[in-house]
Engineer: 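One structure, as structure tokens, below. Some questions next.
Only a predicted model underlies this, so the values are computations on that prediction, with no experimental measurement involved.
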Amino acid sequence: MGTSWVAERSVGAILPGDHGWLAYSGPEERGRVIGPFVHEGLLTGEKVVYVTDTPAGRLPGLGHRIDVHDHLRAGRLRVISREDACLDRSGAFEPARMLDTVEREIGEAFGQGFRAVRLTTDYTWLLDEPGRMLGCEHRLGGAVAPSTMAMAICQIDRRACPPDQLIALRDLHEVLVEVDPEFDDGVLRMVRTFAPAGLRLEGELDATRHGAVAARLAQVMARHGGVHLDLSRLGFIDLGGLDLLARLAARLPAGGTLVLDHLRPSVLSVIETVGWHRLPGLVRGAGRGLPETEGIAR
């Protein structure tokens, strides 16, 4: 059975024992999660194990920030091909071999004196074998979750995965992993979203935080003609905040819109009091309330 409740964590908050899940919507989102996951491990004395056929120098999100080959030589980074990690002699995926690889790497990292080991792989290539993939994920969770030193992020391209399969895979993980927040001062939190492109605002938006919102939103708007704001977790916005959003929307190229998705009743009531006609450029988007947060804990 799948988990009824899962934790949602930014990649920088991943802990030993976390069996994490990343359903990415494109290279940018993948790089901004997996890059920091690998990079942070290498910088903090942890071992990183990546099962992939991608060359070490082209791992997602690393760019030129680190000397990958230096870490390979020192044993801090292990890039293991699928053939060596999880394929049988006929080239078919073998879940038991993948589990053996994970358990071996965890044991060796402990013996080598690493304080923790980070594991990751992308399962998108296995979508034609859902039964084996689900079985592997279930057993992998059993190996990682009780650990005091191992953490894992399992990746899949959500664009290639059927919805029912995506849900089944998600439910085998205790942690949903996302990018680190763009801003978080304990009152307002801003997180990049990628499908659709935009930001998720959480908490309260008042006058002291208008500048922070303007700066982060302008960065996203510079790259995308239509931008979405997920307001499902925004409990309060002042009138100045609405005026700010309207002014930013007015700067978009012709045809561009600033779409407000998943408005909570408390926020919607403020907008309706002001009147949508006084906020040109702002468009009410899909959903209402807290569509993505049921069953998710922070």
Engineer: To the nearest 0.5 Å, tell me how far Ile66 CD1 sits from Arg76 CZ.
Structural biologist: 9.5 Å
Engineer: Has Arg139 got a side-chain atom pairing as donor or acceptor with Pro95's backbone, closer than 3.5 angstrom?
Structural biologist: no
Engineer: Just wondering, do Leu169 and Trp21 contact through their side chains at under 4.5 Å, heavy atoms?
Structural biologist: yes
Engineer: Group every Ile, Leu, Val, Met, Phe, Trp and Tyr by side-chain heavy-atom contacts under 4.5 Å, then state whether Ile167 and Ile156 land in the same group.
Structural biologist: no
Engineer: For Leu62 and Leu59: C-alpha separation, side-chain torsions, deciding distance, then whether side chain to side chain contact (heavy atoms under 4.5 Å, CB included) applies.
Structural biologist: CA-CA 6 Å; Leu62 292 185; Leu59 294 178; 3.9 Å; yes
Engineer: Working to the nearest 0.5 Å, report the span between OH of Tyr123 and SG of Cys154.
Structural biologist: 5.0 Å
Engineer: Return yes if some donor-acceptor pair links the side-chain N/O of Arg115 with the main-chain N/O of Thr44 below 3.5 Å, else return no.
Structural biologist: yes
Engineer: Find out whether Thr121 and Tyr50 are in side-chain contact, i.e. whether some heavy atom of one side chain is under 4.5 Å from a heavy atom of the other.
Structural biologist: no
Engineer: Can you tell me if His210 and Asp238 form a side-chain donor-acceptor pair at under 3.5 Å?
Structural biologist: yes
Engineer: What distance do Asp53 atom CG and Ser81 atom OG have between them, rounded to the nearest 0.5 Å?
Structural biologist: 6.0 Å
Engineer: How close do Val144 and Asp18 get, heavy atom to heavy atom, and via which atoms?
Structural biologist: CG1-O, 3.5 Å
Engineer: Check Glu178 with Arg9, please: is the shortest side-chain N to carboxylate O separation under 4.0 Å?
Structural biologist: no
Engineer: Leu229 and side-chain contact (heavy atoms from CB on, under 4.5 Å): which single residue from Val259, Leu217, Asp261 fits?
Structural biologist: Leu217
Engineer: Compare every heavy atom of Leu234 with every heavy atom of Ile237, then report the nearest pair and how far apart it is.
Structural biologist: CB-CD2, 4.1 Å
Engineer: Decide yes or no for Ile153 and Val11: does some side-chain heavy atom of the first lie under 4.5 Å from some side-chain heavy atom of the second?
Structural biologist: yes
Engineer: Do Val220 and Leu231 belong to the same hydrophobic cluster, where Ile, Leu, Val, Met, Phe, Trp and Tyr are linked whenever their side-chain heavy atoms lie under 4.5 Å apart, directly or via other members?
Structural biologist: yes
Engineer: Any chance CZ of Phe110 has more than 12 other-residue heavy atoms, nucleotides or ligands included, within less than 6.0 Å?
Structural biologist: no
Engineer: Which heavy atom of Leu119 sits nearest a heavy atom of Phe37, and at what distance?
Structural biologist: O-CE2, 3.7 Å
Engineer: Do Val191 and Phe183 have side chains that get closer than 4.5 Å, going by heavy atoms?
Structural biologist: no
Engineer: Decide salt bridge (charged side-chain N to carboxylate O under 4.0 Å, His left out) for Glu8 and Arg233; before the verdict, give the C-alpha distance in whole Å, the side-chain angles of both, and the deciding distance to 0.1 Å.
Structural biologist: CA-CA 14 Å; Glu8 186 178 80; Arg233 305 181 198 180; 2.7 Å; yes
Engineer: Let me confirm one number: the SG-CD distance from Cys136 to Glu94, rounded to the nearest 0.5 Å.
Structural biologist: 9.5 Å
Engineer: Using a 3.5 Å distance criterion without hydrogens, assess whether the side chain of Ser10 forms a donor-acceptor pair with backbone atoms of Asp180.
Structural biologist: no
Engineer: As a quick check of understanding, evaluate side chain to side chain contact (heavy atoms under 4.5 Å, CB included) for Leu140 and Val102, giving each step before the final call.
Structural biologist: CA-CA 8 Å; Leu140 180 61; Val102 168; 3.7 Å; yes
Engineer: Regarding Gln155 and Thr120, do their side chains bring together a donor and an acceptor under 3.5 Å, going by distance alone?
Structural biologist: yes
Engineer: Could you grab the distance from atom CG of Asp206 to atom CZ of Phe236, nearest 0.5 Å is fine?
Structural biologist: 6.5 Å
Engineer: Checking Arg82 against Trp125: charged group under 6.0 Å from the ring centre and within 45 degrees of the axis?
Structural biologist: yes
Engineer: Are Leu268 and Leu201 connected into the same hydrophobic cluster when the rule is that any two of I, L, V, M, F, W, Y join if their side-chain heavy atoms are below 4.5 Å apart?
Structural biologist: yes
Engineer: Is it the case that Arg158 places NZ or CZ above or below the six-membered ring of Tyr24, under 6.0 angstrom from the centre and within 45 degrees of the axis?
Structural biologist: no
Engineer: Looking at every non-hydrogen atom in both residues, tell me the closest pair between Gly141 and His19 and how far apart they are.
Structural biologist: CA-ND1, 3.3 Å
Engineer: Which heavy atom of Ala150 sits nearest a heavy atom of Ser147, and at what distance?
Structural biologist: N-OG, 2.8 Å
Engineer: Is Arg78 paired with Glu46 through a side-chain N to carboxylate O contact shorter than 4.0 Å?
Structural biologist: no
Engineer: Crowded around Arg223 CZ? As in, over 12 foreign heavy atoms under 6.0 Å?
Structural biologist: no
Engineer: Look at atom CG of Leu239 and say whether more than 12 heavy atoms of other residues, nucleotides or ligands are closer to it than 6.0 Å.
Structural biologist: no
Engineer: Quickly, which of Arg216, Arg32, Arg192 forms a salt bridge (charged side-chain N to carboxylate O under 4.0 Å, His left out) with Glu182? Name it, please.
Structural biologist: Arg32
Engineer: Check whether more than 12 heavy atoms from other residues, nucleotides or ligands sit under 6.0 Å from atom CD of Glu83, and answer yes or no.
Structural biologist: no
Engineer: Report yes if some heavy atom in the side chain of Leu252 is under 4.5 Å from a heavy atom in the side chain of Met221; otherwise report no.
Structural biologist: yes
Engineer: With a 3.5 Å distance limit and no angle check, can you tell me whether Thr124 reaches the backbone of Asp157 through a side-chain donor-acceptor pair?
Structural biologist: yes
Engineer: With a 4.5 Å heavy-atom cut-off, do Gln165 and Pro130 have their side chains touching?
Structural biologist: yes
Engineer: Establish whether Leu15 and Met149 are linked, either directly or via other cluster members, by ILVMFWY side-chain heavy-atom contacts under 4.5 Å.
Structural biologist: no
Engineer: Under 4.0 Å between a side-chain nitrogen and a carboxylate oxygen: does that hold for Glu202 and Arg200?
Structural biologist: yes
Engineer: Using the side chain to side chain contact (heavy atoms under 4.5 Å, CB included) rule, take Val283 and Leu260 through it: C-alpha gap first, then chi angles, then the decisive distance, then the call.
Structural biologist: CA-CA 6 Å; Val283 177; Leu260 308 183; over 6 Å; no
Engineer: Indicate yes or no: at least one non-hydrogen side-chain atom of Asp84 is less than 4.5 angstrom from one of Thr101.
Structural biologist: no
Engineer: Taking CZ in Arg278 as the centre, count heavy atoms belonging to other residues, nucleotides or ligands within less than 6.0 Å. Is the count above 12?
Structural biologist: no
Engineer: Identify whether the distance between the nearest side-chain nitrogen and carboxylate oxygen of Asp122 and Arg30 falls below 4.0 Å.
Structural biologist: yes
Engineer: Identify the heavy atoms of Met98 and Val51 that sit nearest to each other, and give their distance.
Structural biologist: CE-CG1, 4.2 Å
Engineer: Going from CG on Leu72 to CG on Leu77, what distance comes out if it is rounded to the nearest 0.5 angstrom?
Structural biologist: 4.5 Å
Engineer: If only atom types and distance count, is the side chain of His262 paired as donor or acceptor with the main-chain N or O of Ala286 below 3.5 Å?
Structural biologist: yes
Engineer: Would Arg209 and Val187 satisfy side chain to side chain contact (heavy atoms under 4.5 Å, CB included), going step by step from the backbone distance to the final call?
Structural biologist: CA-CA 9 Å; Arg209 294 163 180 85; Val187 175; 3.4 Å; yes
Engineer: Looking at side-chain heavy atoms only, is the closest gap between Met190 and Pro181 below 4.5 Å?
Structural biologist: no
Engineer: Is there a path of hydrophobic side-chain contacts, each under 4.5 Å between heavy atoms of I/L/V/M/F/W/Y residues, joining Ile14 to Leu43?
Structural biologist: no
Engineer: Is the shortest distance from a Lys or Arg side-chain nitrogen in Arg97 or Asp100 to a carboxylate oxygen in the other one below 4.0 Å?
Structural biologist: no
Engineer: Holding to ring pair (Phe, Tyr, Trp, His ring centres under 6.0 Å), I want the full list of residues that pass it with His228, two or more places apart in sequence or in another chain.
Structural biologist: none
Engineer: Taking Arg159 for the side chain and Ser25 for the main chain, is one N or O donor matched with an acceptor at less than 3.5 Å?
Structural biologist: yes
